[in-house]
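Okay, structure first, notes after.
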Amino acid sequence: MFALVDCNNFYASCERVFNPKMEGKPIVVLSNNDGCVIARSNEAKAVGVPMGAPAFEYEEMFAKNKVQVFSSNYALYGDMSDRVMQVLSRFTPEIEIYSIDEAFLDLTTFTLYDIEKYCANIRNTVKQETGIPVSIGIAPTKTLAKLANKYAKKRKKDIGVHLLRTTEQLKEALTNSEIGDVWGIGGQYTKFLKKHNINTAFDFTLANEQWVRKNLNVTGLKTLKELKGTPCYHLEQTPPAKKGICTSRSFGALVKDYGLLEESVATFASRCSEKLRKQHSVASVLQVFVHTNPFREQDAQYFNSKSITLPVPTNVSFELAKAAIMGLKIIYRKGYNFKKAGVIVTGIVPEQSVQLNIFENPKFAKNKSVMQSIDKINRTMGRDKVRLSVMGFDRKWKLRQEKKSPCYTTRWSELLTITV
DNA sequence: TCTGGGGTCCTAGGACCC
DNA sequence: TCTGGGGTCCTAGGACCC
């Protein structure tokens, strides 16, 4: 049996933990640059704020309904996520952290327990120790656990735990779940399946397997089998190393100037190098891209990218920044209003495989220890305490974040003060 | 003024090899 | 009339996830 633990309206709930005045009120959290709505409390959903709503179009609506608006605060959400996952790990070592707000638990060996009671206990403990409300779905496959979780959120709000085990329980939940709510069935497949008169998860379980294989390929077939109770996905306790790493941002204001673009691209390359070092990998290809704002129809549009093959795979920040700037010089065109830039590294292999190369460059060991020292300083003293000068200092291209809450749990200077 | 960011897997088709 | 058979690797594009 798998349990899927999913935090309710996670970002909105994080904002509420340290700001209890927000309890019971509609609140939304915006994407980077305060662009669109990416999280909503139940109250915000109830007054009709849609997911992805552009903030500037909804200003009046927010005011009218007294919706509290927050910029996203990833330092806070990341730390709260760690706390939730730590609590969950106490209940079983068989845990897969699936995303910032979700974890699968493998409860197969818990045969002597009342699983529903055990999960209710998990839910209460997480709430008690972190302040975050969660819902838990329990079922024989991951896809069914996802479905059970949705069901718990929709129909068993007060209990927050839903178990699917007997044929009757399964049939009832499948019949009452829309096909588009199934994990693995997105917008395109929903349209396609509805056209063929498959409207619920139960309808889908009656579909012909060859037909599903042909039209939704093997991933669709796996989804079908999982819904019918045959597990195709297992618990992944150690996440596999990433095959591609991307750092990109939209700018807070349009950028015309080459120098600012260069600062941003160097910064993105440096972030990619940090992420590579964190998973002990090196990359052999770096791609840099820039583009204008497609929403500004009055502006001339320009999209371009350049791939650079690195002479030796690397995770050294200045080597990646150098390559990124080289690429940027090739694709930069004067006179455009740039809105976004990014760096993607691919051709990722373990650091070990390069170190063992018999043609190893003596610079490699030296650079590696420089990077280790920089990482250590930045980890303890704060991000970018030591950085490449080409990354700049005043960050004119930085994000807009006008309504960011304090980093309650990760910055001494922003700790909550309680006045009695 | 203003519209996010970061991933995965699968398939088809082209280039190339013997 | 008629023109082999069996592979690999890479990339672009489309689907999905959070």
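A, B, ... follow the sequence lines: proteins, then strands. Residue 1 opens every chain. Note that this is a predicted model, so its numbers are computed, not measured.
Look at CD on A/Glu96: it is 12 Å from C1' on C/dC17, rounded to the nearest Å. Atom CG of A/Leu221 and atom P of C/dC16 are 16 Å apart (whole Å). When the P atom of B/dT3 is taken as reference, atom CD of A/Gln301 falls 12 Å away, rounded to whole Å. Here B/dG4 presents its P atom at 11 Å from CZ of A/Arg400, a figure rounded to the nearest Å. Rounded to whole angstrom, the span from the CD1 atom of A/Ile179 across to the C1' atom of C/dA15 amounts to 15 Å. Atoms CD1 (A/Ile38) and P (B/dT3) sit 14 Å apart, rounded to a whole Å. Computed from coordinates, the A/Arg40 CZ to B/dG4 P distance equals 16 Å when rounded to whole Å. One interatomic measurement links the two molecules: CE of A/Met51 to P of C/dC17, which rounds to 13 Å at whole-angstrom precision.
With no hydrogens or angles considered, a side-chain donor-acceptor pair links A/Gln279 and A/Ser281 at under 3.5 Å. Side-chain contact of A/Asp34 with A/Ser71: a donor-acceptor pair under 3.5 Å is present, judged by distance alone.
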> Could you run down nucleotides 5-14 of chain B 5' to 3' and tag each one B, S or - for protein heavy-atom contact under 4.0 Å?
Replying inline: SSSSSSS---
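The existence of a salt bridge linking A/Glu274 and A/Arg271 is confirmed by a sub-4.0 Å separation between a basic side-chain nitrogen and an acidic carboxylate oxygen. Residues A/Lys142 and A/Glu96 are paired through a salt bridge, judged by an N-O separation under 4.0 Å between the basic side chain and the carboxylate.
Within 4.0 Å of A/Lys146, counting heavy atoms only, lie sugar-phosphate atoms of the nucleic acid but no base atom. Within the 4.0 angstrom heavy-atom criterion, no nucleotide atom of any strand lies near A/Lys214. At the heavy-atom level, A/Gly342 lies nowhere under 4.0 Å from the strands shown. Within the 4.0 angstrom heavy-atom criterion, only backbone atoms of the sugar-phosphate kind lie near A/Asn293; the bases stay farther away. Here A/Ile185 lies in heavy-atom contact (under 4.0 Å) with sugar-phosphate atoms only.
Within the 4.5 Å cutoff, the side chain of A/Thr410 has no heavy atoms near those of the A/Leu76 side chain.
With values rounded to the nearest 0.5 angstrom, A/Lys153 atom NZ is found 7.0 Å from A/Asn9 atom CG. Between the CE atom of A/Met326 and the CG atom of A/Leu310 there is a distance of 8.0 Å, given to the nearest 0.5 Å.
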>> Would A/Lys243 and A/Thr346 count as a side-chain hydrogen bond (donor to acceptor under 3.5 Å, both in side chains) here? Give the steps.
In response: CA-CA 6 Å; A/Lys243 297 172 178 174; A/Thr346 51; over 6 Å; no
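Within residues 52-64 of chain A, the residues having any heavy atom under 4.0 Å from DNA chain B are, by residue number, A/Pro54, A/Phe56. Taken residue by residue, residues 75-94 of chain A places no heavy atom nearer than 4.0 Å to DNA chain B.
With both ends at atom C1', the span from B/dG4 to C/dC17 equals 15 Å, rounded to whole Å.
The aromatic rings of A/Tyr332 and A/Tyr258 lie perpendicular to each other, with more than 60° between the two planes, well past the 30° mark.
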Name every donor-acceptor pair, under 3.5 Å, that has one atom in a side chain of residues 292-302 of chain A and the other anywhere in the protein, sequence neighbours excluded.
residue  : atom : partner  : partner atom : Å
A/Thr292 : OG1  : A/Gln301 : OE1          : 2.8
A/Thr292 : OG1  : A/Tyr302 : N            : 2.9
A/Thr292 : OG1  : A/Tyr302 : O            : 3.4
A/Asn293 : OD1  : A/Phe295 : N            : 2.9
A/Arg296 : NE   : A/Asp299 : OD2          : 2.9
A/Arg296 : NH2  : A/Asp299 : OD1          : 3.4
A/Asp299 : OD2  : A/Asn337 : ND2          : 2.9
A/Gln301 : NE2  : A/Asn293 : O            : 2.9
A/Gln301 : NE2  : A/Arg296 : O            : 3.1
A/Gln301 : NE2  : A/Asp299 : O            : 3.4
A/Tyr302 : OH   : A/Asn304 : ND2          : 3.0
A/Tyr302 : OH   : A/Ile331 : O            : 2.5

Please output the side-chain donor-acceptor pairs of residues 228-240 of chain A that fall under 3.5 Å, not counting sequence neighbours, one pair per line with the distance.
residue  : atom : partner  : partner atom : Å
A/Lys228 : NZ   : A/Glu209 : OE2          : 3.2
A/Gln237 : NE2  : A/Pro93  : O            : 2.8

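Taking the centre of each ring, A/Trp183 and A/Phe104 come in below the 6.0 Å mark. Between A/Phe303 and A/Tyr336, the ring centre distance reaches or exceeds 6.0 Å. Ring pair A/Tyr189/A/Phe192: centre-to-centre distance not below 6.0 Å.
Regarding contacts with the backbone of B/dT3, every side-chain N or O of A/Arg296 stays at 4.0 angstrom or more from both OP1 and OP2.
Base pairing in DNA chain C gives the following stems of 3 or more Watson-Crick or G-U pairs, range against range and under 3.5 Å: B:5-18 with C:5-18.
Between A/Tyr98 and A/Lys146, the shortest heavy-atom contact is CE2-NZ, 4.2 Å.
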